[in-house]
**Q** 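Can you keep this structure in mind? I'll have questions shortly.
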Amino acid sequence: YTPSKQYQFNVTWNDSLGLHTVILQHNFTTSGTLVNVTVNASNGNERYYIFSNLAAGVYSWRMYANDTSNNLNQTALYVYTINKNQSFVNLSLESTEGNITKEVNSNVNITGNLVLGEGVITLYMNNTPINNGTSPLINITTFINVGTFNITLVHEQTQNYTKSFETQFIVIQDTLVPNITLNAPINQFNTSLNYIIFNATIDDNHNISNVSLLGNFNGSYSVNQTNFSGSKNAQYLFNISAISDGSYLWAIHACDVSNN
């Protein structure tokens with residue numbers, strides 16, 4: 001199949017008296033029913049008829065002719081096949097024609113183009129449709145989970161074109177460590193109180209697993225308290241009481257669900 005292509009159907013007739021009328025019988029433009037058209041174009045004894053934009057399919061045709069003495073003859077019924085053309089699609093991820101790796105909670109531009117074909121195309125993520133329509137097909141997806149995602153662009157078979165598809169993979173990872181801001185007490189803080197509230201802000205591009213306060217308040221530097229609330233972009237408070245006079249070290253340890 002080729003759009004706008006012209007197809008010529010011709011028969012050469014020989015008659016001692018001369019041709020009068022030539023008829024082409026065909027089903028090129030009908031649903032199987034043969035119809036007649038008069039053939040007027042000629043090149044010597046050849047009579048021909050031209051069709052344009054024939055769809056893919058299997059057709060039948062033949063010609064009839066009579067001469068000036070009304071003698072009639074006809075050809076055999078011929079079968080003419082127009083095969084489907086191969087469709088072609090193009091899938092790009094962030095303007096890259098290939099697999100990509102991104103951090104979790106990133107936006108990814110998924111673009112599908114129909115290079116050769118007709119009708120709509122469909123984008124799938126892990127075999128689930130996420131977008132459907134005419135080319136170009138653009139989908140902006142925020143990936144909130146870590147994992148590998150199969151992205152496939154499909155052009156289904158139509159009357160004139162075969163099915164085609166292209167697959168790429170998006171790998172979503174979490175390699176960023178949580179961001180820790182120590183709010184209080186400030187470094188070299190001096191107080192006569194024997195209890196202290198330790199305050200830190202924890203943020204991360206993914207989900208927090210736990211936040212711990214480390215210190216040597218009891219002699220050895222170790223974990224004193226752990227908060228498993230999982231809040232991100234939030235303040236974590238740790239209250240330590242009955243602290244003896246002295247100088248102490250303290251820190252905050254934060255771990256996300258990817259063990260960063």
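Atoms considered below: every heavy atom in the structure, side chains included; atoms not considered: hydrogens, waters and symmetry mates.
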**Q** Are Ile170 and Gln168 packed together at the side-chain level, in the sense that at least one heavy-atom pair is separated by less than 4.5 angstrom?
**A** no

**Q** Within the 3.5 Å criterion, strictly below it, is a donor on Asp256 or Ser209 matched to an acceptor on the partner's side chain?
**A** no

**Q** Between Leu24 and Val22, is the side-chain contact (heavy atoms from CB on, under 4.5 Å) condition met? List the steps.
**A** CA-CA 7 Å; Leu24 170 63; Val22 177; over 6 Å; no

**Q** Quick one: does Phe189's side chain get under 4.5 Å of Ile186's, heavy atoms only?
**A** yes

**Q** Which heavy atom of Pro185 sits nearest to which heavy atom of Phe198, and what is that distance?
**A** CD-CD2, 3.5 Å

**Q** Just verifying a value: how many Å separate Tyr7 OH and Phe28 CZ, rounded to the nearest 0.5 Å?
**A** 10.5 Å

**Q** Would you give the length of the straight line joining atom CD1 of Ile252 to atom CG of Leu214, rounded to the nearest 0.5 angstrom?
**A** 7.5 Å

**Q** Is the distance from the ring center of Tyr80 to that of Phe9 below 6.0 Å?
**A** yes

**Q** Just wondering, do Thr175 and Glu103 contact through their side chains at under 4.5 Å, heavy atoms?
**A** yes

**Q** Any heavy-atom pair between the side chains of Ile240 and Leu213 that's under 4.5 Å?
**A** yes

**Q** Counting C-beta onward and ignoring hydrogens, is there a side-chain heavy-atom pair between Val108 and Ile151 closer than 4.5 Å?
**A** no

**Q** I'd like to know if Phe169 and Leu93 are part of one continuous hydrophobic network [Ile/Leu/Val/Met/Phe/Trp/Tyr, side-chain heavy atoms within less than 4.5 Å].
**A** no

**Q** Taking all non-hydrogen atoms of both residues into account, name the closest pair between Leu176 and Asp204 and its distance.
**A** O-OD1, 3.5 Å

**Q** Look up atom OG1 in Thr181 and atom CD1 in Ile202, then write down how far apart they are to the nearest 0.5 Å.
**A** 7.5 Å

**Q** Verify whether one side chain among Asn227 and Ser229 offers a donor that lies under 3.5 Å from an acceptor in the other.
**A** yes

**Q** Answer yes or no: is there a side-chain heavy-atom contact under 4.5 Å between Leu91 and Thr167?
**A** no

**Q** Here's a test for you: under ring-ring contact (aromatic ring centres under 6.0 Å, His included), which of Phe51, Trp61, Tyr59 qualifies with His26?
**A** Phe51

**Q** I'd like to check Met63 versus Gln25 (side-chain heavy atoms, cut-off strictly below 4.5 Å). Are they in contact?
**A** no

**Q** Check whether the side chains of Ser87 and Ser164 place a donor and an acceptor atom closer than 3.5 Å, and report yes or no.
**A** yes

**Q** Between the side chains of Asn90 and Ser92, does any donor sit under 3.5 Å from an acceptor?
**A** no

**Q** Rounded to the nearest 0.5 Å, how far does OG of Ser231 lie from CG of Asp203?
**A** 11.0 Å

**Q** With the side chain counted from C-beta on, respond yes when Glu94 and Lys102 share a heavy-atom pair under 4.5 Å apart, and no when they do not.
**A** yes

